[in-house]
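Here is how names work: the chains are called A, B, and so on, in the same order as the sequence lines, proteins then strands, and each is numbered from 1.
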Number of protein chains: 2
Amino acid sequence: MDVCNNFDGFSDNCFGFQEFSKEVKALVKPERKLYGAEKALLALRNHSEAERRRRERINGHLATLRGLIPGTAKMDKAALLAEVINRVKELRDRVTEVTRGTLVPTDIDEVKVEQEGKNDENSFFIRASLCCDFKTELLSDIREAIEALPLKTVRAEIATLGTRMVNVFVIAGCNADEEGSQSLVDSVRKALRSVLDKFYASEEFSSRNTMSGKRRRVSLFSSSNSSSYGDLW
Amino acid sequence: MDVCNNFDGFSDNCFGFQEFSKEVKALVKPERKLYGAEKALLALRNHSEAERRRRERINGHLATLRGLIPGTAKMDKAALLAEVINRVKELRDRVTEVTRGTLVPTDIDEVKVEQEGKNDENSFFIRASLCCDFKTELLSDIREAIEALPLKTVRAEIATLGTRMVNVFVIAGCNADEEGSQSLVDSVRKALRSVLDKFYASEEFSSRNTMSGKRRRVSLFSSSNSSSYGDLW
DNA sequence: GCACACACGTGAATC
DNA sequence: TGATTCACGTGTGTG
């Protein structure tokens with residue numbers, strides 16, 4: 001260790017001398033201590049192997065990312081990750097762009113609540129939507145549910161088609177950490193779902209039909225974009 | 001070095017003894033060689049600092065990815081990357097899903113060729129589209145161009161709106177590496193562009209209008225989803 | 001004590 | 001050659 005420090009700029013551990021001298025000391029004394037040394041060596045082995053496995057896991061994921069994004073075959077890790085970031089942003093923007101302007105009720109009752117874009121900075125938005133049969137009573141229920149939450153509604157839209165409607169709310173949040181914003185998302189989702197549940201209950205009471213679960217399919221037209229994303233429920 | 005190998009399972013370089021002994025030898029001899037040692041130390045320093053910077057770059061990108069994808073705050077690197085992979089796939093699927101079924105010609109002449117999904121396994125698809133004015137002659141040109149390529153067309157669609165049309169081809173490929181599939185994409189793109197160019201040439205010959213570049217804007221309606229993704233050209 | 005994850009410095013390869 | 005990237009083993013902290 002001291003030897004090592006004779007060269008300035010070298011810290012103790014840079015040559016692994018500590019470990020080395022430990023082993024030496026252990027080896028000097030007979031038998032019993034040797035057990036300790038063997039054990040230590042085994043531990044060291046396990047350690048390095050575990051670390052190798054960890055690296056393989058990470059690099060494996062990086063490799064599949066390379067396969068997922070064309071043109072990144074020969075990039076180094078950092079450049080690859082930068083490209084991944086761009087891709088995620090691009091795709092996210094494309095989705096919102098292609099989704100925007102096509103606010104059309106689908107034939108599936110659903111509540112979607114998701115955090116929308118740019119939590120790069122401290123501000124963020126929550127986009128909440130509820131799609132179901134159109135009932136004027138529902139509107140006030142929704143309004144109440146949303147306004148009961150300590151949130152600021154930035155934008156609200158409604159679209160109807162036939163007997164169906166979809167309501168969209170964009171809600172502003174700021175200065176919330178990861179967990180805070182997630183709990184906001186959850187509370188919004190809960191609020192809208194309770195509105196939907198209440199509606200179902202009243203429907204059921206008026207015995208128009210019985211529900212099998214909470215989701216209901218109404219054949220209006222084949223909806224293509226309302227599937228996937230189970231986590232949005 | 002020999003000392004090091006006395007412990008089996010330890011390779012030469014595991015303690016950095018090579019480097020160490022190099023420095024020792026250098027120090028034994030006076031003055032001139034000391035310069036060499038100093039230089040070596042400096043180089044080592046630069047090296048470790050560069051490596052530190054590299055790590056910071058990578059970790060920085062990982063951090064922004066964390067910020068970009070909610071719920072990954074406390075994940076370890078591997079889990080984060082796995083989540084990133086899921087996100088990219090999800091978003092990619094959402095885009096194609098939300099795009100599909102809305103095959104409508106836009107007001108911009110364009111050729112899009114992109115690799116579509118799942119090159120996880122060895123098979124993949126290429127989705128190629130060409131959007132331009134509708135001319136019946138074009139159809140056979142396109143057909144010829146596509147069939148001239150050593151590819152299997154899995155699906156083909158055409159949609160028209162007013163004077164505009166868009167053709168979509170889904171082409172199957174398999175057992176191609178990154179570069180191979182990329183060159184296929186390029187050749188498809190080239191083929192479709194040549195069709196478009198030929199069309200332009202004949203149009204120009206018939207002197208309906210002069211082109212400024214190859215792109216042409218026709219006001220039909222404001223197209224929203226044909227923007228971005230310059231790399232698709 | 002053990003398992004896991006991370007940062008670090010180093011050796012080697014590539015350009 | 002120097003600069004840069006990667007894999008590796010190790011030290012260290014946390015649960």
Exercise. Who passes side chain to side chain donor-acceptor pair (under 3.5 Å) against Glu51(B), sequence neighbours left out?
Worked result: Arg54(B)

For this session: Tell me, please, which residues at least two apart from Asn46(B) pass side chain to side chain contact (heavy atoms under 4.5 Å, CB included).
Result: Glu49(B)

Seminar exercise, completed: Tightest non-hydrogen contact, residues Leu130(A) and Leu192(A), listed as CD1-O, 3.7 Å

Exercise. Do Val195(B) and Phe199(B) pass the side chain to side chain contact (heavy atoms under 4.5 Å, CB included) test, and can you show the C-alpha distance, the side-chain angles, and the key distance before you say yes or no?
Worked result: CA-CA 6 Å; Val195(B) 170; Phe199(B) 169 64; 5.6 Å; no

Exercise. Hey, does Leu62(B) have a side-chain heavy atom less than 4.5 Å from the side chain of Ile58(B)?
Worked result: yes

Exercise. How would you list, by chain and number, every residue that makes a salt bridge (Lys or Arg N to Asp or Glu O under 4.0 Å) with Arg143(B), sequence neighbours excluded?
Worked result: Glu147(B)

Problem set entry | salt bridge (Lys or Arg N to Asp or Glu O under 4.0 Å) partners for Asp76(B), two or more places apart | none

Exercise. Atom CG of Leu80(B) and atom C1' of dA5(C): how far apart are they, to the nearest Å?
Worked result: 13 Å

Exercise. Quick one: the side chain of Arg55(B) and the base of dG9(C), do they pair up donor-acceptor inside 3.5 Å?
Worked result: yes

Problem set entry | Euclidean distance, atom NZ of residue Lys39(B) to atom C1' of dT1(D) [Å, nearest integer] | 9 Å

For this session: Write down the distance between CG (Leu44(B)) and C1' (dA12(C)), rounded to a whole number of angstrom.
Result: 13 Å

For this session: Only counting residues at least two apart or in another chain, list the ones meeting side chain to side chain contact (heavy atoms under 4.5 Å, CB included) with Leu149(B).
Result: Leu151(B), Ser187(B), Val188(B), Ala191(B)

Seminar exercise, completed: Across all chains, not counting sequence neighbours, the side chain to side chain contact (heavy atoms under 4.5 Å, CB included) partners of Asp186(B) are Gln182(B), Arg189(B)

Between the protein and nucleotides 3-6 of chain D, which nitrogen or oxygen pairs are less than 3.5 angstrom apart?
unit_1	atom_1	unit_2	atom_2	d
dT5(D)	OP1	Arg57(B)	NH2	3.2
dT5(D)	OP2	Arg57(B)	NH2	3.4
dC6(D)	OP1	Lys77(A)	N	2.8
dC6(D)	OP2	Arg54(B)	NE	3.0
dC6(D)	OP2	Arg54(B)	NH2	2.9
dC6(D)	N4	Glu51(B)	OE1	3.1

Problem set entry | Qualifying residues under side chain to side chain donor-acceptor pair (under 3.5 Å), relative to Asn59(B), sequence neighbours excluded | Lys77(B)

Exercise. Rounded to the nearest Å, what distance is computed from the CG atom of residue Leu41(A) to the C1' atom of nucleotide dG9(D)?
Worked result: 13 Å

Problem set entry | Any residue meeting salt bridge (Lys or Arg N to Asp or Glu O under 4.0 Å) with Arg52(A), in chain and number order, not counting sequence neighbours | Glu56(A)

Problem set entry | Axis deviation across the helix from dC2(C)-dG15(D) to dC15(C)-dG2(D), five-pair ends, to the nearest 10° | 0°

Close N/O contacts between protein and nucleotides 13-15 of chain D (under 3.5 Å):
none

